[in-house]
Amino acid sequence: SQPVLGELRASQVSPESVQLEWSVPEGTFDSFTVQYRDAQGQPQVLPVDGGSRTVSVPGLSPSRRYKFNLYGLWAAAEPEEEAASQPVLGELRASQVSPESVQLEWSVPEGTFDSFTVQYRDAQGQPESLFVDGGSRTVTVPGLSPSHRYNFYLYGLLGQKRLGPVSLDTITDGWVDVSALHCLLSSAAPAPAKETPPSPPRLGELMASQVSPESVQLEWSVPEGSFDSFTVQSRDA
């Protein structure tokens, strides 16, 4: 028989946090998720392991009403006809990678999910979770550390069931140290003394317009005049 969730209650309340407690009168769950919206109305998800019966929700705003939803997740054996019709998660991939974020994309080849959760551990090893609505197929994971390996796990949620995960192992980009851009200006024959010499050309700002794990695309401007050629110098790793 399927496990049963008991009553959810707030055992401790402070201006900036709430401690939630619950019971499981029957059966066991693999894990739990607590979902709510922060003071800006953004959805938040806290993952909780299946053996816990309490969690503290930090970072709240004083004198504000919050609605917390607790979900118990477990892998249930489905009848053959139902298993054939359940939704399917496709491949998880990183479509964009920067030093501080990763954009993830996935597909759902069959069926639909109510929502998704992306779980990973931050640079300090703490578990993190992102809630994604069921109509989305992409999410950006912010606040990452440069040149750090991350394992991302995507779960599809359907009712109280969690399907998956599909996983991705990727490394964030490192910061690019772009050296000075040197320009070579050919020497020209001196102008007649009676003519005013032309003003020298001027270099504008240098920036990295595209960054990938193995290359950088540089762009710059020349606000005044023109150069015969440019040189870009850098130091490797």
Side-chain angles (χ1 to χ4, degrees), residues 3-25 27-74 92 94 96-104 106 113-136 138-162 164-165 167-168 170 172-173 175:
V4 178
L5 272 176
E7 181 185 6
L8 176 66
R9 66 187 186 92
S11 58
Q12 292 184 24
V13 179
S14 74
E16 296 183 342
S17 66
V18 171
Q19 183 168 316
L20 302 175
E21 292 186 358
W22 62 92
S23 62
V24 180
T28 58
F29 289 95
D30 297 332
S31 63
F32 303 93
T33 56
V34 175
Q35 298 183 10
Y36 66 100
R37 292 185 179 271
D38 61 20
Q40 289 72 44
Q42 298 301 308
Q44 302 292 327
V45 177
L46 286 177
V48 186
D49 67 81
S52 297
R53 298 294 182 265
T54 180
V55 68
S56 181
V57 184
L60 306 180
S61 297
S63 303
R64 181 176 178 83
R65 181 183 297 275
Y66 289 89
K67 180 181 179 181
F68 298 101
N69 295 308
L70 174 69
Y71 296 90
L73 306 176
W74 84 102
L92 178 64
Q96 292 185 24
V97 179
S98 75
E100 294 184 335
S101 67
V102 171
Q103 182 172 315
L104 302 175
W106 61 92
F113 289 95
D114 296 334
S115 61
F116 304 93
T117 55
V118 175
Q119 297 184 5
Y120 65 100
R121 291 186 178 272
D122 62 20
Q124 289 71 46
Q126 298 301 309
E128 299 286 347
S129 185
L130 289 177
F131 172 80
V132 187
D133 66 82
S136 296
T138 181
V139 69
T140 297
V141 184
L144 305 181
S145 296
S147 302
H148 190 83
R149 181 181 296 275
Y150 290 90
N151 289 306
F152 297 101
Y153 298 91
L154 174 70
Y155 295 88
L157 304 179
L158 183 64
Q160 291 189 330
K161 291 182 292 184
R162 181 176 70 171
S167 62
L168 173 69
T170 189
T172 51
D173 290 340
W175 288 115

Report summary line: For Tyr155, the ring-ring contact (aromatic ring centres under 6.0 Å, His included) test, sequence neighbours excluded, returns none
Could you list the donor-acceptor pairs under 3.5 angstrom formed between side-chain atoms of residues 5-12 and any protein atom two or more places apart in sequence or on another chain?
residue	atom	partner	partner atom	Å
Arg9	NH2	Glu21	OE1	3.0
Ser11	OG	Gln19	O	3.3
Ser11	OG	Glu21	OE2	3.3

Query raised in the report: Should Phe152 and Val139 be marked as a side-chain contact (heavy atoms from CB on, under 4.5 Å) after you check the CA-CA gap, both sets of side-chain angles, and the distance that decides it?
Result: CA-CA 12 Å; Phe152 297 101; Val139 69; over 6 Å; no
Report summary line: d(Leu70 CG, Leu46 CG) to nearest 0.5 Å is 11.0 Å
Query raised in the report: Between atom OG of Ser136 and atom CZ of Phe131, what is the distance when rounded to the nearest 0.5 Å?
Result: 9.0 Å
Query - Option among Thr172, Val141, Leu168, Val102 that satisfies the side-chain contact (heavy atoms from CB on, under 4.5 Å) test with Tyr150 - result: Thr172
Query raised in the report: In Å and rounded to the nearest 0.5 Å, what is the OG to CD distance from Ser129 to Gln35?
Result: 8.5 Å
Requested in this report: If a pair satisfies ring-ring contact (aromatic ring centres under 6.0 Å, His included) and one of its residues is in residues 34-62, list it, with sequence neighbours excluded.
Outcome: Tyr36-Phe68
Query raised in the report: Could you give the distance from CZ (Arg121) to CD (Glu128), rounded to the nearest 0.5 Å?
Result: 10.0 Å
**Report entry** Shortest non-hydrogen contact from Asn69 toward Lys67
**Finding:** OD1-CE, 3.8 Å
Requested in this report: Test Leu130 against every option in Leu154, Leu104, Thr140, Val118 by the side-chain contact (heavy atoms from CB on, under 4.5 Å) rule and name the one that passes.
Outcome: Val118
Report summary line: Rounded to the nearest 0.5 Å, the CZ atom of Phe116 sits from the CG atom of Asp133 at a distance of 8.5 Å
Query raised in the report: Between Ser101 and Pro142, what is the shortest heavy-atom contact and its length?
Result: CB-CA, 4.2 Å
**Report entry** Rounded distance [0.5 Å steps], NZ in Lys161 versus CG in Asp30
**Finding:** 13.5 Å
Query raised in the report: Which atom pair, heavy atoms only, marks the closest approach of Arg53 to Ser23?
Result: CD-CA, 4.4 Å
